[in-house]
Amino acid sequence: MSLEDIHGVTVRGLLDQLKAIGFANLTSYNINELFPHHVGHYIGLDVHDCPGYSRREVLKRGHCVTVEPGVYVPDDERWPKHFRGMGVRIEDSICVDEDAPYILTTEAVKEVVDIEALRD
């Protein structure tokens with residue numbers, strides 16, 4: 001798969017899951033209002049490495065990329081009231097290996113209870 005392929009899978013998954021929790025007006029034409037950025041980018045020597053490398057290149061062993069889906073709900077009456085003004089983004093950095101990704105950010109806090117514990 002390429003980063004572009006992963007983005008397509010992410011868009012389809014978000015459409016299905018957001019519709020299931022009440023985003024009835026969501027379509028493949030307006031999902032970019034809630035998911036405005038690409039799911040990931042290459043990383044390496046710098047945070048946003050390889051700016052000229054196509055997202056359509058098939059990922060190979062040793063490629064390092066981010067996977068960072070984010071949903072941001074505007075305060076707009078088109079969206080369910082209890083989600084307006086909310087946003088969530090999950091970020092991981094991974095390195096492609098032979099059979100499975102090697103997750104570089106396994107220790108990053110992601111669960112709500114763990115995030116809330118950081119405030120104390």
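Computed over heavy atoms, backbone and side chain alike; hydrogens, waters and symmetry mates excluded.
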- Nearest atoms (heavy-atom pairs only) where Lys60 meets Val96: O-CB, 3.3 Å

- Query: Can you name the closest pair of heavy atoms from Arg55 and Gly40 and give their distance?
  - Reply: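 Smallest interatomic distance, heavy atoms only, reads NE-O, 3.8 Å.
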
[X] side-chain N/O to [Y] backbone N/O, donor-acceptor pair under 3.5 Å:
X: Asn30; Y: Thr27; value: yes
X: Asp76; Y: Arg78; value: yes
X: Arg119; Y: Ile115; value: no

Please examine the side chains of [Y] and [X], heavy atoms only from C-beta on, and report whether any two atoms are closer than 4.5 Å.
X: Val71; Y: Leu14; value: yes
X: Val11; Y: Ser28; value: no
X: Tyr42; Y: Leu59; value: yes
X: Ile21; Y: Pro80; value: no
X: Ile103; Y: Thr105; value: yes
X: Leu34; Y: Tyr72; value: no
X: Trp79; Y: Leu26; value: yes

- Message: Quick check on the hydrophobic clustering: are Leu104 and Val67 connected, directly or via other members, by side-chain heavy-atom contacts under 4.5 Å?
- Response: no

- Query: If two hydrophobic side chains count as joined below 4.5 Å and joins carry through other members, does Met1 share a cluster with Val58?
  - Reply: no

Rounded at 0.5 Å granularity, tell me how far [atom1] in [X] sits from [atom2] in [Y].
X: Ser2; Y: Arg56; atom1: OG; atom2: CZ; value: 7.0 Å
X: Asp5; Y: His7; atom1: CG; atom2: NE2; value: 11.5 Å
X: His41; Y: Cys64; atom1: NE2; atom2: SG; value: 12.0 Å
X: His63; Y: Ile43; atom1: NE2; atom2: CD1; value: 12.5 Å

[X], [atom1] atom: more than 12 neighbouring heavy atoms under 6.0 Å:
X: Ile90; atom1: CD1; value: no
X: Gln17; atom1: CD; value: no
X: Tyr102; atom1: OH; value: no

Are [X] and [Y] within salt-bridge range, i.e. N to O under 4.0 Å?
X: Asp92; Y: Lys110; answer: yes
X: Glu98; Y: Arg61; answer: yes
X: Arg89; Y: Glu91; answer: yes
X: Arg84; Y: Glu77; answer: no

- Message: Centre-to-centre under 6.0 Å for Phe23 and Phe83, is that the case here?
- Response: yes

- Message: Working note: His38 + Glu68, criterion side chain to side chain donor-acceptor pair (under 3.5 Å); need CA distance, chi angles, decisive distance, verdict.
- Response: CA-CA 8 Å; His38 203 275; Glu68 46 189 7; over 6 Å; no

